[in-house]
Peer 1: 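Attaching a single structure in structure tokens format; questions to follow.
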Amino acid sequence: MSFHRTNRTHGIKTFILDLIYVTDRELYMDQDEWAYRLGWTVTRTGFGARHYREPRFDLLKAERTAAPALALAPVRDEGVGGDVAA
């Protein structure tokens, strides 16, 4: 008896979760499509919640963290090479 009840509740739960997923996709389809066309990444974080990320921000962050390291790197001065007539 409980086996049939479990299958029934599983079917209802699956139907409700599918309905939520389809509704969420329909509501945000235009925004997600626009973000994908721009080359952004879209992460679904819950019902009606999205995280939009532009990959160029990662490049800017990498440049900011690399710039101080480059500024502190010693610069080797080779001087003037070859014979120099004065």
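Hydrogens, waters and symmetry mates play no part in the numbers below; they use all other heavy atoms, side chains included. Every value quoted in this text rests on a predicted model; they were computed, and no experiment measured them.
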Peer 1: Over all heavy atoms of both residues, which pair between Arg50 and Val42 is shortest? Give the atoms and the distance, please.
Peer 2: CD-CG1, 3.8 Å
Peer 1: For Tyr52, enumerate each residue passing the side chain to side chain donor-acceptor pair (under 3.5 Å) test, keeping only those at least two apart in sequence or located in another chain.
Peer 2: Asp32
Peer 1: I'd like to check the side chain to side chain contact (heavy atoms under 4.5 Å, CB included) partners of Ile12; sequence neighbours left out, ordered by chain and number.
Peer 2: Arg8, Ile16
Peer 1: If you measure from CD on Glu33 to CZ on Arg37, what distance do you get to the nearest 0.5 Å?
Peer 2: 5.0 Å
Peer 1: Please list, chain by chain and in numerical order, all residues satisfying side chain to side chain contact (heavy atoms under 4.5 Å, CB included) with Phe57, sequence neighbours excluded.
Peer 2: Arg53, Glu54, Leu60
Peer 1: Could you list all the ring pair (Phe, Tyr, Trp, His ring centres under 6.0 Å) pairs where at least one residue sits in residues 21-44, not counting sequence neighbours?
Peer 2: Trp34-Trp40
Peer 1: Considering only Ile, Leu, Val, Met, Phe, Trp and Tyr, and joining two whenever side-chain heavy atoms are under 4.5 Å apart, list the other residues clustered with Leu59.
Peer 2: none
Peer 1: With salt bridge (Lys or Arg N to Asp or Glu O under 4.0 Å) as the rule and sequence neighbours excluded, what pairs involving residues 38-48 come up?
Peer 2: Asp24-Arg44
